[in-house]
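The figures here come from the full heavy-atom set of this structure, side chains too, leaving out hydrogens, waters and symmetry mates. Read the numbers this way: they start at 1 and go in the same order the structure lists the ligands and their atoms.
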Amino acid sequence: MKTLYLNCSMGAAGDMLTAALLELLPDPDSFVSKLNALAIPEVHFEKEKSIKCGITGTHMKVTVHGQEEGEMHHHHHHHSHLQDIEHIVSHLDVSDGIWKDILAVYQEIAQAESKVHGVPVTDIHFHEVGTMDAIADVTAVCMLMAEIAPDQVIVSPVHVGSGQVHCAHGILPVPAPATAYILKGIPIYGGQIDGELCTPTGAALLKHFATKFGDMPIMNVTSIGYGMGTKDFEAANCVRAFLGETEDQTEQIYELHCNVDDMTGEEIGFATEALFEAGAVEVFTIPVQMKKNRPGTLFCVLCTQEKHDVVVRTLFQYTTTIGIREKKCDRYVLDRTIESINTAYGQVHYKHSSGYGIQRDKYEYEDLVHIARKQGWSLMEVIQKINTEK
Ligand SMILES: O=C([S-])c1cc(C(=O)S)c[n+]([C@@H]2O[C@H](COP(=O)(O)O)[C@@H](O)[C@H]2O)c1
Ligand code: NI
């Protein structure tokens with residue numbers, strides 16, 4: 001599986017992520033030309049060599065009116081609304097997928113800003129993160145992700161830094177409130193470095209693209225990218241990106257089959273329950289036509305190696321079969337985690353599945369049923385209410 005691993009042990013900002021991903025490409029220069037061809041108003045992308053702690057990497061220089069970020073902060077602030085950003089982005093010549101990614105990243109930031117400043121999403125002003133250079137960073141990362149097209153993105157725990165940061169709002173604690181909000185539920189740490197290592201834009205990009213957060217998996221690395229930040233610390237201030245292959249996430253599963261033509265419906269139901277209790281992953285029955293024109297039932301039982309013996313015994317004990325057929329299969333699986341959100345109707349758990357470029361969330365049936373019964377709603381209505389609250 002094509003895997004991108006991002007080491008954020010010195011945090012992440014939009015320009016660092018852009019530079020690290022750019023280094024993974026066979027021809028970074030032509031990609032920079034492609035970024036400039038987008039003609040984001042007043043923006044110019046330039047990649048430059050940067051050496052930190054003796055390590056060579058790329059620094060992504062984004063200039064707006066010929067000035068780099070930092071040079072213009074605290075001099076003139078753009079006070080952009082989400083609608084202004086959507087307007088700028090709608091004029092970019094990018095695919096629908098990239099366009100959606102850019103807006104989803106801004107939604108993350110907007111939601112955080114809204115929560116932190118206590119105003120509705122439609123009323124928030126982006127200060128620094130609404131400037132053209134931030135839009136450029138988000139656009140560049142979304143385009144690079146589409147170009148690299150990993151099946152999964154694994155991100156290390158994020159080093160956010162400590163101390164305080166000067167920004168348009170005044171002096172804020174590190175992680176900045178918007179960053180802290182965006183990174184809720186993601187492993188982060190403050191560490192010893194005095195400074196802001198992860199910015200709101202970096203945090204939102206990581207959250208949007210990460211399939212999961214954790215250690216580097218076993219992988220055969222094909223390319224490595226060093227995306228340098230602007231500040232200098234004792235440790236090399238970079239995001240390190242690894243692109244390579246990981247083993248497919250397959251697991252071994254047994255498929256057990258047997259046919260019976262002399263069990264009642266009640267006995268079949270009881271056997272099915274007993275097989276689940278014995279640890280079968282799945283049990284299903286199919287009506288079949290058997291010898292001597294007898295209608296019968298095919299039992300199909302899936303189980304892991306660990307439960308194999310007890311499931312075989314249960315199948316013999318609770319059915320009338322005198323033989324069981326067995327197949328050992330490779331099963332491709334998505335990573336699954338159970339998470340939860342607090343809603344006005346109570347806590348709702350959901351299953352998050354990821355891998356193979358897929359990310360999917362599904363609310364737990366029991367929680368939905370509980371709310372539906374209490375409120376007198378259908379399951380569809382419960383899902384609608386939860387989604388509008390998010
Ligand atoms: O732009 C806004 S509104 C903004 C909000 C906050 C909050 O935490 S609230 C913080 N900041 C700071 O601005 C820069 C932006 O860096 P990006 O890389 O995200 O463009 C950063 O220092 C933030 O802490 C801005
Ligand atoms: Ni803010």
Side-chain angles (χ1 to χ4, degrees), residues 6 8 10-21 40 43 45 59-64 67-85 88-89 102 104-142 158-184 186 188 190 193-209 227-231 233 237-239:
L6 296 174
C8 297
M10 284 301 279
D15 57 344
M16 291 162 85
L17 288 166
T18 306
L21 297 178
I40 304 176
V43 167
F45 292 91
H59 171 241
M60 197 63 207
K61 190 172 169 190
V62 176
T63 50
V64 183
Q67 281 186 302
E68 200 178 355
E69 185 185 14
E71 294 168 5
M72 53 194 174
H73 272 179
H74 315 296
H75 297 301
H76 67 270
H77 299 121
H78 297 255
H79 294 262
S80 321
H81 284 93
L82 190 56
Q83 304 92 281
D84 303 324
I85 288 160
I88 296 166
V89 174
I102 299 171
V105 170
Y106 265 101
Q107 272 294 342
E108 286 288 352
I109 301 171
Q111 242 141 42
E113 286 292 319
S114 150
K115 196 78 187 175
V116 166
H117 298 297
V119 291
V121 169
T122 43
D123 292 1
I124 55 133
H125 282 205
F126 293 103
H127 303 289
E128 289 95 334
V129 288
T131 54
M132 294 312 293
D133 59 286
I135 296 174
D137 287 342
V138 172
T139 305
V141 171
C142 293
V158 184
H159 189 178
V160 291
S162 62
Q164 294 175 322
V165 60
H166 291 252
C167 69
H169 296 299
I171 299 174
L172 299 179
V174 170
T179 310
Y181 185 85
I182 294 167
L183 294 176
K184 265 169 58 173
I186 290 169
I188 62 172
I193 294 173
D194 185 8
E196 182 187 43
L197 299 181
C198 187
T199 66
T201 307
L205 285 163
L206 293 177
K207 184 168 182 180
H208 178 68
F209 284 107
M228 302 306 196
T230 38
K231 294 176 231 158
F233 298 106
N237 185 20
C238 64
V239 165

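Nearest N/O/S atom of E113 relative to the Ni ion (ligand 2): this is OE1.
For ligand 1, the polar-atom distance check finds no N/O of H117 at less than 3.5 Å from any of the ligand's N/O atoms. Backbone and side-chain nitrogen or oxygen atoms of H125 are examined, and none is located within less than 3.5 angstrom of a nitrogen or oxygen of ligand 1. Residue A178 places at least one N or O, backbone or side chain, under 3.5 Å from an N or O of ligand 1.
Within the 3.5 Å criterion, the main-chain N or O of V62 finds no donor-acceptor partner in the side chain of D133. In this structure a side-chain-to-backbone donor-acceptor pair under 3.5 Å is missing from H59 to G227. No donor-acceptor pair closer than 3.5 Å links the side chain of K207 to the backbone N or O of E108.
Only the side chain of C167 comes within 4.0 Å of ligand 1, judged by heavy-atom distances. Contacts between E113 and ligand 1, counted as non-hydrogen atom pairs separated by less than 4.0 Å, involve the side chain only.
Backbone or side-chain N, O or S atoms of H125 do not reach the Ni ion (ligand 2) at under 2.8 Å. Using a cut-off of 2.8 Å, one finds that H169 contributes an N/O/S atom close to the Ni ion (ligand 2).
Rounded to the nearest 0.5 angstrom, E113 CD and L82 CG are separated by 11.0 Å. Between T201 atom OG1 and I109 atom CD1 the span is 4.5 Å, to the nearest 0.5 Å. Here H159 contributes atom NE2 and C198 contributes atom SG; the two are 10.5 Å apart, rounded to the nearest 0.5 Å.
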F209 and V141: CA distance, side-chain angles, deciding distance, side chain to side chain contact (heavy atoms under 4.5 Å, CB included) verdict: CA-CA 10 Å; F209 284 107; V141 171; 4.3 Å; yes

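Near A176, meaning under 4.0 Å from one of its heavy atoms, ligand 1 places the atoms 8 (O), 10 (C), 24 (O). Close contacts between ligand 1 and T199 involve ligand atoms 16 (O), 17 (P), 18 (O), 19 (O) [criterion: under 4.0 Å to a heavy atom].
The option from T201, D137, L205, I135 that lies nearest to atom 17 (P) of ligand 1, judged by heavy atoms, is T201.
Proximity of P177 to ligand 1 is established by a heavy-atom distance of less than 4.0 Å. Under a 4.0 angstrom heavy-atom cut-off, P200 registers as being in contact with ligand 1.
Residues I85 and I102 are not in side-chain contact: their nearest non-hydrogen atoms beyond the backbone lie 4.5 Å or more apart.
Ring geometry, H117 versus H169: the interplanar angle falls from 30° to 60°, so the pair is classed tilted.
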